[in-house]
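Some notes on the structure that comes next.
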Amino acid sequence: MCACLSEKGSLAQVKHVVLVLSGKGGVGKSTITTELALALVHAGKKVGILDVDLCGPSIPRMLSVGKPEVHQCDAGWVPVYADPQQKLAIMSIGFLLEDSDEAVIWRGPKKTALIGQFVSDVAWGELDILLVDTPPGTSDEHLAVLENLRKHRVDGAVLVTTPQAVSTGDVRREITFCKKTAVKILGIVENMSGFVCPHCSECSNVFSKGGGEELAKLTGSVFLGSVPLDPLLTATLEEGRDFLQAFPESSTYTAISQIVNTVLSSLDA
Amino acid sequence: MADVPIDAPEHCPGTSSDQAGKSSACQGCPNQNICASGAAKAPDPAIEEIRQKLTSVNHKILVLSGKGGVGKSTFSAHLSHALASDDSKEVALLDVDICGPSIPKIMGLEGEQVHQSGSGWSPVYVEDNLAVMSIGFLLSSPDDAVIWRGPKKNGMIKQFLRDVDWGELDYLIVDTPPGTSDEHLSIVQYLSSAGIDGAVIITTPQEVSLQDVRKEIRFCIKVKIPIIGVIENMSGFVCPKCKNTSQIFPPTTGGAQRMCEELNLPLLGSVPLDPRIGKSCDEGKSFLNEVPDSPAAVAYENIVQKIRDYCSSHTTSNNPF
């Protein structure tokens with residue numbers, strides 16, 4: 001079954017597009033994208049995830065959609081659905097690789113071309129929100145996404161950092177990228193914000209403290225909230241399970257829900 | 001020329017690309033005919049220039065991952081500090097993460113600038129025997145973003161290798177960004193004649209990390225870089241209060257140990273998560289000096305010794321033929 005394509009292009013029925021950016025690697029962009037997507041689906045939204053990390057696509061595993069085939073229909077490539085009700089559509093290079101250990105060793109122009117196809121040739125159909133998960137940096141992938149989304153509005157970007165200065169240092173550059181490319185910053189998420197020992201409940205600031213909030217103040221951005229370092233979150237992502245359904249009582253769940261609500265309000269504003 | 005000529009249009013695919021001279025961006029470019037004829041795809045003369053420049057470098061080590069945020073820059077910095085703790089050794093650290101250069105901060109060199117002399121660019125010295133080069137030193141503000149496509153990044157990497165006055169070195173450590181793309185291909189291409197001793201691969205224990213690292217290992221095999229070994233970073237966290245260990249990044253598929261067994265690669269060591277490491281990096285200090293008795297510092301030193309031993313027993317051929 002595939003979505004109907006209107007004349008205006010494959011994103012014509014997508015209401016909102018939000019990029020998830022960082023600048024720094026390994027801060028939790030794919031994690032936050034996955035959790036935002038699941039939270040939005042639980043809130044009754046139709047969601048898409050476009051994974052443009054071509055060298056290290058993490059989304060398929062996090063949503064337990066290992067190796068489906070990507071089909072074509074008249075409207076273009078059919079995205080892979082993470083759920084039988086087809087509320088969460090995904091496109092990732094992870095679905096196109098025969099061997100998941102095979103490296104995608106491409107220079108910029110080839111990456112740019114595939115991202116162009118992902119944006120323009122996937123039959124996304126009707127979506128309330130399309131989240132775009134990106135690799136770290138400010139290079140080909142990021143420019144390709146924005147160029148191809150030019151015909152369609154980009155509502156803004158959620159920036160993810162961890163608390164320490166080595167991370168916020170890179171995210172400052174990503175903020176400059178957003179300003180230069182006229183991408184509105186919806187806000188900053190501080191991930192891996194403290195670890196509560198499951199044995200004695202002592203909170204350790206494994207990756208320092210407070211950097212996300214300071215960065216938001218320094219750059220005049222909205223601070224969306226902090227997500228703690230939670231081994232249960234990491235474990236459920238490893239297994240491709242829905243953390244929000246599994247652990248609704250956790251402080252991580254509360255943190256993520258708050259972030260989603262703030263993002264939704266800024267989109268509807 | 002494996003880069004973008006100065007007079008090229010904005011979307012120049014790079015003169016060594018298959019699309020050189022043929023892409024729509026090439027229309028109107030003064031170099032279009034040269035590129036389309038294939039003349040620009042001749043071997044880059046810089047490769048030989050770099051080979052000659054680096055004959056004074058004994059050992060070249062890449063620090064790779066595939067996955068972001070696993071501790072490549074942290075390890076590169078501390079490997080450099082550890083090797084340079086022997087005053088008789090000359091060490092240099094080259095940061096080719098063009099978009100996210102972390103090395104200046106981690107080495108306590110933020111705000112430093114690079115100087116030009118007759119013999120090329122001078123790297124920035126942390127100690128008399130420890131030099132560093134990063135694009136971070138060429139940026140005037142911590143907010144400056146390097147929004148460059150692949151070909152321009154490649155040109156920068158070429159300059160770093162060819163135009164920096166490295167001098168005589170025992171070790172050149174190259175810190176890389178995550179992935180298997182332009183920066184990685186360029187480093188391998190430009191060092192193809194100069195020779196690479198090997199790569200150290202960094203991972204964290206969880207499968208989300210290992211799945212990217214396996215791709216990096218395939219990359220190394222494909223481009224024929226020897227793999228010195230794998231390091232598992234952030235391997236368990238000991239609570240400072242109750243001393244219990246938690247697996248914050250759980251090795252759900254057996255961690256680096258199983259991956260190394262499956263791929264027949266040496267596991268150089270496992271480094272536990274220690275909040276003082278991140279703190280040292282943020283302050284630009286060496287964790288090995290700040291907290292030398294910590295389990296993480298001991299783990300690092302053991303790993304560094306294995307790398308020293310590997311280098312002593314391997315020599316690369318720096319041979320143009």
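The basis for the numbers below is simple: all heavy atoms, side chains too, and nothing from hydrogens, waters or symmetry mates. Throughout, protein chains are lettered first and strands after them, A, B, ... in sequence-line order, and every chain is numbered starting at 1.
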Minimum heavy-atom separation for [X] and [Y], please, with both atom names.
X: Gly150(B); Y: Ser139(A); value: N-OG, 4.4 Å
X: Asp170(A); Y: Pro101(B); value: OD1-N, 4.1 Å
X: Phe249(B); Y: Thr234(A); value: CD2-CG2, 4.0 Å
X: Phe177(A); Y: Ala145(B); value: N-CB, 4.1 Å
X: Arg173(A); Y: Leu139(B); value: NH1-CD1, 3.3 Å
X: Val146(B); Y: Thr138(A); value: O-OG1, 2.7 Å

Quiz question: by atom type and distance under 3.5 Å, do the side chains of Ser208(A) and Lys279(B) form a donor-acceptor pair? no
Give a yes-or-no answer on whether the side chains of Arg214(B) and Ser100(A) include a donor-acceptor pair shorter than 3.5 Å. no
Among residues 52-64 of chain A, which residues come closer than 4.5 Å to chain B, judged by heavy atom distances? Cys55(A), Gly56(A), Pro57(A), Ser58(A), Arg61(A), Met62(A)
Heavy-atom side-chain contact between [X] and [Y] under 4.5 Å:
X: Ser201(A); Y: Lys241(B); answer: no
X: Ile175(A); Y: Asp143(B); answer: no
X: Phe195(A); Y: Cys239(B); answer: no

[X] versus chain A, heavy atoms under 4.5 Å apart: side chain, backbone, both or neither?
X: Ile106(B); answer: side chain
X: Lys222(B); answer: side chain
X: Asp212(B); answer: side chain
X: Cys242(B); answer: both
X: Ser73(B); answer: neither
X: His11(B); answer: side chain
X: Glu207(B); answer: both
X: Leu273(B); answer: side chain

Any chance CG of Asn264(B) has more than 12 other-residue heavy atoms, nucleotides or ligands included, within less than 6.0 Å? no
Pick from Thr176(A), Asp140(A), Leu232(A), Val171(A): which one has the most heavy-atom pairs with chain B under 4.5 Å? Asp140(A)
Top of Gly26(A), Gly28(A), Gly25(A), Ala165(A) for chain B proximity - count of heavy-atom pairs under 4.5 angstrom: Ala165(A)
Which portion of [X] sits near chain B, non-hydrogen atoms under 4.5 angstrom:
X: Val27(A); result: neither
X: Lys110(A); result: neither
X: Asn205(A); result: backbone
X: Ser167(A); result: neither
X: Lys111(A); result: side chain
X: Phe207(A); result: side chain
X: Leu229(A); result: side chain
X: Pro109(A); result: side chain

Give me the one residue out of Pro177(B), Cys99(B), Pro178(B) that meets side chain to side chain contact (heavy atoms under 4.5 Å, CB included) with Pro136(A). Pro178(B)
If the condition is ring-ring contact (aromatic ring centres under 6.0 Å, His included), which residues does His78(B) pass it with, not counting sequence neighbours? Tyr300(B)
If you count heavy-atom pairs under 4.5 Å with chain A, which of Gly179(B), Gly136(B), Pro250(B) comes out on top?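 Looking at each of Gly179(B), Gly136(B), Pro250(B) in turn, Pro250(B) comes out on top.
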Heavy atoms only, distances under 4.5 angstrom: which of Val213(B), Asp97(B), Thr252(B) has the most pairs with chain A? Name it, please.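 Ranked by heavy-atom pairs under 4.5 Å with chain A, first place is Thr252(B).
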Looking at [Y] and [X], is any side-chain nitrogen of the basic one under 4.0 Å from a carboxylate oxygen of the acidic one?
X: Glu147(A); Y: Arg149(B); answer: yes
X: Glu102(A); Y: Lys215(B); answer: no
X: Asp144(B); Y: Arg172(A); answer: no

In Å and rounded to the nearest 0.5 Å, what is the [atom1] to [atom2] distance from [X] to [Y]?
X: Ile248(B); Y: Met192(A); atom1: CD1; atom2: CE; value: 10.0 Å
X: Thr181(A); Y: Ile147(B); atom1: OG1; atom2: CD1; value: 6.5 Å
X: Gln164(A); Y: Ile277(B); atom1: CD; atom2: CD1; value: 11.0 Å

Main chain of Asp101(A), side chain of Gln211(B): is a donor-acceptor contact present, judged purely on distance under 3.5 Å? no
